[in-house]
Every structure is written in C-alpha cells, then in structure tokens.
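Since the structure comes first, as structure tokens, the remarks are kept for the end.
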Amino acid sequence: MELSSNYSAAPVSEFLLICLPNYQSWQHWLSLPLSFFFLVAMGVSATLLITIWLEASLHQPMYYLLSLLSLLDITVIPKVLAIFWFDLRSISFSACFLQMFIMNGFLPMESCTFMVMAYDCYMAICHPLRYPSIITDQFVAKASVIVAQNALLSAPLPILTARLHYCGKNVTENCICANLSVSRLSCDNFTLNRIYQFVAGWSLLGSDFILIFLSDTFILRAVLRFKAERAAVKALSTCSSHLILILFFSTILLVMVLTSMARKRVPMDILILLNVLHHLISPALNPIVYGVRTKEIKQRIQKLLQSGK
C-alpha cells in the first residue's frame with residue numbers, strides 16, 4: 001500500500017493502522033491464537049445471552065450487562081484480524097472514531113460492573129441478613145444506570161479527538177484507534193485530550209478500584225474470622241467468580257499502566273499487543289468464569305443443552 005501521500009496538506013479521510021511495525025512477519029502466526037480467542041469470546045458471549053434471553057428467571061440487568069460488555073469489547077477485534085489476515089490497514093475517519101467511542105466507553109463500564117459485583121459479594125458475606133432487603137431489583141436497576149453513566153462521562157474524549165484538524169500524517173503505529181495514537185497525528189494542540197483522559201481515567205477507574213479493594217479487604221477479613229472451615233469455603237465459593245475476574249482484570253491493567261510508564265524501555269509492539277489482548281481475553285474469560293461459577297446460569301445452560309438433544 002502506498003504511503004507517499006500521508007504527509008500531504010489534504011484533509012485526512014482515513015487512517016492507516018500499522019500493527020506491530022517491528023514484527024510484521026509475525027502477524028500471520030499471531031492471528032491464529034487471536035482468531036481462536038475471538039471465536040471463543042463470540043461463542044460464550046452468545047451462549048450466555050441466549051440462555052438469559054430464554055430463561056425468564058435470569059432476566060436481570062446485571063446478567064445482560066455482563067454479556068453485552070463482552071460482545072461490545074470484541075467489536076474492535078475483527079479489524080485487527082483483517083489487518084493480520086488480509087493486510088486491510090485502512091480505516092475510515094468515522095469508523096475510527098466509532099471504534100474509539102466503544103473502547104473508551106467499555107473500560108469504565110467494565111470497572112464499574114466489577115465494583116457493583118464487589119459490593120454484592122460484600123453484602124452477601126458480611127451482611128447476609130440485610131442482603132435481601134438491599135440487593136433488590138431496584139438496586140440492580142440503579143447500578144445499571146451508574147454503569148451507563150460512567151460510559152457517558154468518557155464520551156467527550158473521542159468527540160474532542162474527532163474535532164481536531166487532521167491535515168498531514170495518517171499512519172498510526174497501532175492495531176486499533178486509540179485516543180492518543182490518533183491525536184498525535186493532528187495538526188492541532190491536543191493537550192486538552194491528554195488532560196481529560198488522565199482526569200477521567202483516574203477518577204472513574206481509580207474510584208472503582210478503591211471501592212473494589214475495600215470490599216475485597218472486608219470480605220477476606222470476614223472469611224478469616226469464620227471459625228468453621230466449611231463456612232469459610234462456602235463464603236469464598238460464593239464470590240469466587242468475582243474474585244477471579246477482578247484478579248485478571250486488575251493484573252492486565254496494572255501491566256498495561258506499568259509498561260506505558262516505562263514506554264522508553266518497553267518496545268512499542270509489546271504495548272500494542274497488550275492492548276489487543278486486553279480487548280480479546282477479557283470478553284472470552286468473563287462469561288466462562290461467571291457462567292460456570294454462577295449456579296443459576298450453569299443450571300440453565302445444562303437444561304437448554306439437555307432439551308436440545
């Protein structure tokens with residue numbers, strides 16, 4: 001593909017995504033495990049959504065939200081696979097910012113969902129008698145509104161980036177349309193974008209992680225106080241799916257933050273690959289862990305499989 005016009009003065013109508021610039025020869029090999037995880041993520045998310053849709057007892061906002069988040073997150077992956085398989089690097093201006101809007105909305109929604117799950121586990125273990133009166137359908141509906149509100153608070157970021165003037169370079173060394181990667185291609189000053197991303201990121205994600213950490217601390221402290229080993233095991237199994245997902249989500253985000261801070265020491269390709277994996281492994285893992293470890297969902301899936309025979 002010709003890149004000689006990338007520095008012309010004409011307005012930019014599309015961007016070119018140069019995925020893993022230093023490891024172009026690896027792309028076909030990397031596409032194999034990425035395709036596998038993509039198919040797994042699509043399969044388990046679709047299974048979970050169909051199960052919830054067919055079973056009236058599972059018509060709860062939190063179950064729908066978990067499945068929709070997984071489907072939403074993998075919407076960026078088909079473009080990555082198109083780059084790896086068919087070398088289709090170009091993406092239109094509007095499609096790029098739509099992808100950016102989805103990605104910026106997903107992360108705060110996911111962290112807020114885990115925060116609500118953490119509070120749910122905290123009430124179930126630390127205040128079991130008050131649990132039925134607090135964790136009601138009304139509480140779940142309010143929690144869903146808060147989760148959606150987090151996504152709206154991150155919406156100005158892609159809008160600010162889209163309003164920048166792009167008149168020169170249109171090649172970004174990334175697999176996806178990340179905010180700062182695209183902003184650096186503009187002819188305007190994008191300091192406001194950086195400030196908003198920093199403030200919104202740390203305020204939304206930071207507050208969620210503080211509340212998650214406090215909830216998990218109280219949960220572990222309550223479990224350690226149980227004198228009966230059987231009661232402690234039962235309490236941990238109640239929230240095991242939540243704890244597994246939180247551990248994975250926190251670990252991969254921590255790795256991404258640390259590698260970004262050490263950008264000069266860590267190759268750019270590693271940062272790009274971590275970003276892609278975050279958008280692929282999480283939606284594949286979340287429905288599997290939550291579906292298998294949640295008794296109601298597991299029973300309904302088994303029931304549907306048996307009825308289909």
Side-chain angles (χ1 to χ4, degrees), residues 41-42 44-46 48-53 56 58-77 94-123 134-163 176-179 193 196-215 241-242 245-246 248-250 252-253 278-280 282-287 289-291 294 297:
M42 286 290 292
V44 295
S45 297
L48 199 56
L49 270 176
I50 292 171
T51 303
I52 293 169
W53 179 57
L58 297 177
H59 290 180
Q60 298 180 28
M62 289 305 294
Y63 288 141
Y64 278 121
L65 188 60
L66 187 74
S67 302
L68 289 173
L69 281 176
S70 297
L71 288 175
L72 188 67
D73 197 30
I74 57 178
T75 54
V76 302
I77 300 303
S94 56
C96 181
F97 290 104
L98 176 61
Q99 188 185 88
M100 191 184 299
F101 179 82
I102 292 173
M103 288 189 301
N104 280 277
F106 165 78
L107 197 57
M109 286 178 71
E110 187 177 31
S111 68
C112 190
T113 302
F114 285 145
M115 184 267 290
V116 174
M117 290 178 179
Y119 181 73
D120 176 79
C121 287
Y122 166 74
M123 291 302 302
I134 293 178
I135 309 299
T136 60
D137 291 340
Q138 187 178 10
F139 168 82
V140 174
K142 289 180 179 179
S144 301
V145 172
I146 295 173
V147 171
Q149 184 181 15
N150 268 21
L152 292 176
L153 290 174
S154 64
L157 194 56
I159 295 174
L160 287 172
T161 308
R163 289 175 62 86
I176 54 182
C177 287
N179 172 54
N193 295 53
Y196 193 91
Q197 177 166 314
F198 179 82
V199 174
W202 284 106
S203 58
L204 293 176
L205 300 181
S207 59
D208 288 343
F209 273 102
I210 290 172
L211 293 173
I212 289 170
F213 176 77
L214 291 175
S215 298
S241 57
H242 159 73
L245 294 179
I246 286 294
F248 176 80
F249 182 71
S250 304
I252 194 166
L253 274 186
H278 171 71
H279 286 280
L280 188 57
S282 289
L285 185 67
N286 291 0
V289 174
Y290 201 72
T294 303
I297 295 178

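Residue numbers count from 1 along this sequence.
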Start with the C-alpha gap between Tyr119 and Ile134, add the side-chain angles, then the distance that decides, and say whether side-chain contact (heavy atoms from CB on, under 4.5 Å) holds. CA-CA 11 Å; Tyr119 181 73; Ile134 293 178; 3.9 Å; yes
About how many Å separate OG of Ser203 and CG of Leu153, when rounded to the nearest 0.5 Å? 8.0 Å
Hey, could you give me the CG/CE distance between Leu214 and Met115, rounded to the nearest 0.5 Å? 11.5 Å
Only one of Cys112, Pro108, Ser111 passes side chain to side chain contact (heavy atoms under 4.5 Å, CB included) with Val147, and that residue is Cys112
To the nearest 0.5 Å, tell me how far Ser154 OG sits from Met103 CE. 11.0 Å
Counting only heavy atoms not in Phe97 (residues, nucleotides, ligands), do more than 12 fall under 6.0 Å from its CZ? yes
Side chain to side chain donor-acceptor pair (under 3.5 Å) between Thr161 and Asn179, intermediate numbers included: CA-CA 7 Å; Thr161 308; Asn179 172 54; 2.4 Å; yes
Could you state the interatomic distance from CE (Met100) to CG (Leu157), rounded to the nearest 0.5 Å? 7.5 Å
Enter the distance from Met109:CE to Asn150:CG here, rounded to the nearest 0.5 Å. 9.0 Å
Find the distance between OG1 (Thr113) and CZ (Phe106) and round it off to the nearest 0.5 Å. 8.5 Å
